[in-house]
Amino acid sequence: MANAESDIPPFRYSSTLAQDIELRWQDWWEANRAFEAPNPAGPLADPEGVAGREKLFVLDMFPYPSGTGLHVGHPLGFIGTDVYSRYKRMAGYNVCYTMGFDAFGLPAEQYAVQTGQHPAITTASNVANMRRQLRRLGLSHDPRRSIDTTDPGYYRWTQWIFLQIFNSWYDTDAGRARPIGELIAALESGSQATPDGRPWPSLSVAEQRAVVDDRRMAYVSEAPVNWCPGLGTVVANEEVTADGRSDRGNFPVFKRNMRQWMMRITAYADRLIDDLDLLDWTDAIKTMQRNWIGRSDGARVRFASVAGDIEVFTTRPDTLFGATFMVLAPEHPLVAGLTTQNQAAAVTEYQRAAAAKKEVDRQDVGKAKTGVFTGSYAINPVNGVSIPVWIADYVLMGYGTGAIMAVPCGDQRDFEFAGLFDLPIPAIQEPPAAWFAEHGIDPSLDTSTWPLAFVGDAPYVHSTNADGLALDGLSSVAEGKRLTNEWLAAHGCGEGTVNFKLRDWLFSRQRYWGEPFPIVYDELGPIGLPDESLPVVLPETDSFAPRTFDPNDEFSNPESPLDRLDWWTEVEMDLGDGLRSYRRDTNVMPQWAGSCWYELRYLDPTNENQFVDPQVERYWMGPKGNGHPGGVDLYVGGVEHAVLHLLYARFWHKVLFDLGHVSSVEPYYRLFNQGMILAAAFKDPREIYVEATEVVERDGQFFHGDEPVTREWGKMGKSLKNAVSPDEMYDAYGADTLRLYEMSTGPMDASRPWETRDVVGMYRFLQRLWRNLVDEETGALRVGPAADPATMRLVHRTIDGVRADMDGLRINTAISKLIELNNHLTKLGACPADVAVPLVLMIAPLCPHVAEELWAKLGHTSSLIREPFPVADPALLIADTIEMPVQVNGKFRSRIVVAADASDADVEAAALADPKVGNSLNGSTPKKVIVVPGRTVNIVV
RNA sequence: GCCCGAGUGGCGGAAUGGCAGACGCGGAGGACUCAAAAUCCUUUGUUCGAGAGGACGUGUGGGUUCGAGUCCCACCUCGGGCACCA
């Protein structure tokens, strides 16, 4: 025991040596400002550094600086982007790579509520701790560019962008946002009409303000919002889970009408869908965004009734002749006017029951349909038929118009509903024979024999009226829709339209730890503050909590912490018409605000006059041609942001583009979703998680002490008690080993289990690599004589393969190629002198610290971070002779060695001459011989 | 229910339609050691065989092909997303 240390050679690559090397080089990089990426202009300008180098903008989704610090599951993506950035830097690119902190949000606020400590203090210390942990990994960030969303120097520009959005409107004719001043000018000149057609000058000031405010991209609206009494704040649709609870805290959420800030993201719905085609993202993410936006093409149709026109949205206007009843959502405003005396009791009872139901139960697809007849009828505009109007909770007030026309023969839900309440189901299309066969019934237009509704292209029947709409015989749904839409428009009872699931973005929160709105109110409404008054600094207080309520108290009202600060909310200022009193907006922005544009601030983090210098922005974000529409070149992050962050950030970016502040239409050109690190978690018989490190395996069973436990795999973290700290890994192996391990366990986009016992493999690799170059007794460089031709060819094949793998972010296979090369060198006894340089340069992006140390031992006095990455010599990629497998009837039988440039005939002859092949043929004559040059020979008998 | 992914040794995973299992872990054997750890070397898909060598083998069943883990069809399982969206 006492002598254990002395057995190890003094200069073996051990964890102590690794730590010494790593800390030294981290200090050196910092002292020498090694990773600073120059800008073409502004404070970070270095025209020489920019000249002649292509730019590359690599971005990680920035983290929330939590108090618990990092575990080894967090930095998977960060290591990946660092490897890529280091590789690209060596390949000659000017790489912008840094890290910021998304530091507004609930945890810091909740911690403040509990402890009374100001969230700014907790945030600062969490950020400092996270910076330290990330630095220890050796990430090659440009520290000058780092930002923190809670810094007034940053959120000043978040507020400025809010004002840009507030001070703009969406011009649907131009298809883009424009400054609000241009709308006002158009209203004044009369080229834009007022909503009710009165001339602009005849409107009162209040009316004029209201007209303009209603058109703004950011607007205050009395609208149905998600009120969460348990959190004491409203939340966005995107933050409500499928079962109607809050994303954070899991409290019930209620739909309530409240005055809140909204962002007109729906104006961009089409562009947000269409521009996905420009992007290098996975189809999975694009599909999620498309589904969320939920575009559907159809028509609005108006049915006359005693209570006025009932407007419905339908994607199948062509089936209007099959509409035999209508269904309204129970909350629909026309229900009261439609309900007859006879039905009043039943309708009221149904409405009450529907209101009491939770969103979850209402949206349960499996359950049987329910509904009540209102007693009234409406007129089907295409055939004048009077059809009953029902209410049912399968129709949702929040989608379309909250009312549908029911076509039971062509819609499964309507089919079920009609069956249940004995409503007629006339056929209006003649389904093909195959459809009847598939469902095992005889072809018939008697729908009582049909097991379900028919949806698809098929000839129309009974779909012609006396008024010029004739679909009978037509068998194209698209054509049927087109003709119907034309007819509806011509007869003034409807028109083709597009409907979206996407709602406007609820943008205000009744909390403390967020960006204050740069807005004050006078008696007429909100007024955007002038740019000079930014930042509107979050006021100091010691009372951080919003008023919260019983989570089920639906009728409580929000009260934000800022509401209580009269000294702050009541202001006197001169906004151009003399000193007057105003009241500040007491909401704060949602946490998404700061992450909607942070990549732009990385580019020009210290600019006091602009959120980003246009020249700098164009350099890093501008369109590059070749189908690259501009934007971040590589954005890496978790799939959990597929909808929320990515949709909001794209929206802000498009507004900034429309207003001429940025040069690319999209912020993130290439998106890469890294996988998660999973870890085994163990539950005892009481279903309580136990500390994973304390679990032992015996005979394939797992035990915690003497108690048997069950294993499951989950996201690494505190709640599953399975987190592994990077500090443990640094102590046991060093950061280079940890980096290699995380990168080697699989492709970047795959989730993979963490196995602490596997980490040693990469440690051994580094140890062997080190030993191939360094004398373990003296620490001196130790290289062998020049490489033999076979070794040299292997080196160049490795260079070629590693470059391709790095470019394709296949870091795991790049590592195996390097291990193979190193294993070959191990057999040689030492690394040949002429292999040392390319070897060290190739490992540099992966394990930069040990690479720097070896580079120094090779006699260099400076860092290798900008040394050119090795380039393969094409001549060495081709061998004189090659080995080819020979198959007989597709089964591998033997190998032959032939000249690389041998003709097919020569290869065939060599294959047939091989004794093992002869055995397999066993005297029979080949019918055919297939030679795939350079690949294989297959002999068919 | 619908839409995406993915199923390969004991484990993580590799394989432009062309030698399945690279690389790593783990296992086995050996070297060093009084011994152990660390390190190094050999070996390691299953199976038959003393061996040479053979058979089988990428979730299941079909198909295309000289040749299929890879392409096509159907099914099963797991993971993710959406879910009465008219």
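Quick note: numbers below take in every heavy atom, side chains included, and nothing from hydrogens, waters or symmetry partners. Note that the structure is predicted; figures quoted are calculated from it, not measured. Per chain, numbering begins at 1; letters A, B, ... match sequence-line order.
In plain terms, the two heavy atoms of A:Leu502 and A:Ala269 that are nearest each other are CD2-CB, 4.3 Å. Taking every heavy atom of both residues into account, A:Asn889 and A:Val941 meet most closely at OD1-N, 3.1 Å. Taking all atoms of both residues into account, the shortest heavy-atom contact from A:Ile677 to A:Gly73 is CB-CA, 3.7 Å. For A:Leu846 against A:Arg739, the heavy-atom pair with the smallest separation is O-NE, 2.9 Å. Pairing each heavy atom of A:Leu320 with each of A:Leu488, the nearest pair is CD1-CD2, 3.9 Å.
Expressed to the nearest 0.5 Å, how far CZ of A:Arg893 lies from CG of A:Asp914 amounts to 12.0 Å. In this structure, CG on A:Asn499 lies 10.0 Å from OG1 on A:Thr315, to the nearest 0.5 angstrom.
RNA chain B is contacted by both A:Arg413 and A:Thr813; A:Thr813 maps to the nucleotide lying nearer its 5′ end (nearest heavy atom per residue). If you find the closest nucleotide of RNA chain B to A:Ile819 and to A:Lys928, the one lying nearer the 5' end belongs to A:Ile819.
What separates CG of A:Leu738 from C1' of B:G24 is a distance of 15 Å, to the nearest Å. Residue A:Trp754 contributes atom CH2, which lies 14 Å from atom C1' of B:G24 at whole-angstrom precision. The NE2-P distance, from A:His332 to B:A86, rounds to 17 Å in whole Å. The interatomic distance linking A:Asp914 (CG) with B:C19 (C1') rounds to 14 Å, in whole Å. Rounded to whole Å, atom P of B:C19 lies 11 Å from atom CG of A:Asn938. Following rounding to the nearest Å, A:Asp297 (CG) and B:C85 (P) show an atom-to-atom distance of 17 Å. Atom-to-atom, CG of A:Asn673 to P of B:G81 comes out at 12 Å; the value is rounded to the nearest Å. When rounded to the nearest whole Å, the span between CD1 of A:Ile811 and C1' of B:G13 equals 15 Å.
Among the heavy atoms of the strands, none lies under 4.0 Å from A:Ser744. In this structure, A:Glu755 reaches neither bases nor backbone, as no heavy-atom distance under 4.0 Å exists between it and the strands shown. Backbone-only contact: A:Val940 has heavy atoms under 4.0 Å from sugar-phosphate atoms and none from a base. A:Asn823 comes within 4.0 angstrom of sugar-phosphate atoms only, judged by non-hydrogen atoms across all strands, and of no base. As judged by a 4.0 angstrom heavy-atom cut-off over every strand, A:Ser14 is placed among residues making no nucleic acid contact. When heavy atoms are screened at a 4.0 angstrom cut-off, A:Ile930 is found touching base atoms of the nucleic acid. Within the nucleic acid shown, A:Ser751 comes within 4.0 Å of sugar-phosphate atoms alone, with no base atom in reach, counting heavy atoms only.
Spacing of P atoms, B:C25 relative to B:U43, comes out at 15 Å, to the nearest Å. The same atom, P, is picked in B:U44 and in B:G51; the two are 13 Å apart, to the nearest Å. Annotation: B:A74 and B:G10 have their P atoms spaced 31 Å apart (nearest Å). To the nearest whole angstrom, the two P atoms, one in B:G9 and one in B:U70, are 15 Å apart. Look at the P atom in both B:A37 and B:C23: the space between them is 26 Å, to the nearest Å. Spacing between B:C19 and B:A68 at atom P, rounded to whole Å, works out to 11 Å. As rounded to the nearest Å, B:U8 and B:G69 have C1' atoms that lie 7 Å from one another. B:C41 and B:G57: their P atoms are spaced 35 Å apart (whole Å).
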Audit row: A:Gln887, A:Thr936, side chain to side chain donor-acceptor pair (under 3.5 Å) steps and yes/no: CA-CA 8 Å; A:Gln887 301 169 42; A:Thr936 190; 3.1 Å; yes
Could you walk me through whether A:Val937 and A:Ile930 pass side-chain contact (heavy atoms from CB on, under 4.5 Å), step by step? CA-CA 6 Å; A:Val937 184; A:Ile930 295 150; over 6 Å; no
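The partner of B:C40, taking Watson-Crick or G-U wobble pairs whose two distances both stay under 3.5 Å, is B:G30. Across all strands shown, B:G5 forms a Watson-Crick or G-U wobble pair, both distances under 3.5 Å, with B:C78. When both pairing distances are held under 3.5 Å, B:C71 makes a Watson-Crick or G-U pair with B:G63. Across all strands shown, B:U46 pairs with B:A55; the Watson-Crick or G-U wobble distances both stay below 3.5 Å.
Glycosidic conformation of B:G12: anti, with the torsion beyond 90° of 0.
Seen from the ring of A:Tyr394, A:Lys369 counts as a face-on cation partner, given the 6.0 Å and 45° thresholds.
A 6.0 Å sphere centred on NZ of A:Lys715 holds no more than 12 heavy atoms belonging to other residues, nucleotides or ligands.
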Letter per nucleotide, 5' to 3', of nucleotides 39-56 of chain B [B base touched, S only sugar-phosphate touched, - untouched; heavy atoms, 4.0 Å]: SSS-------------SS
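A donor-acceptor contact under 3.5 Å is not formed by the side chain of A:Arg757 with the base of B:C25.
Comparing atom distances between the A:Arg935 side chain and each of B:A86, B:G18, B:G12 picks out B:G18 as nearest. With B:A14, B:C84, B:C23 as the candidates, the nucleotide lying closest to the side chain of A:Glu820 is B:C23.
Looking at residues 279-292 of chain A, you'll see A:Ala284, A:Met288 sit with a heavy atom under 4.0 Å from some atom of RNA chain B.
When atom types are taken as modelled, the side chain of A:Lys501 and the backbone of A:Ile293 share no donor-acceptor pair closer than 3.5 angstrom.
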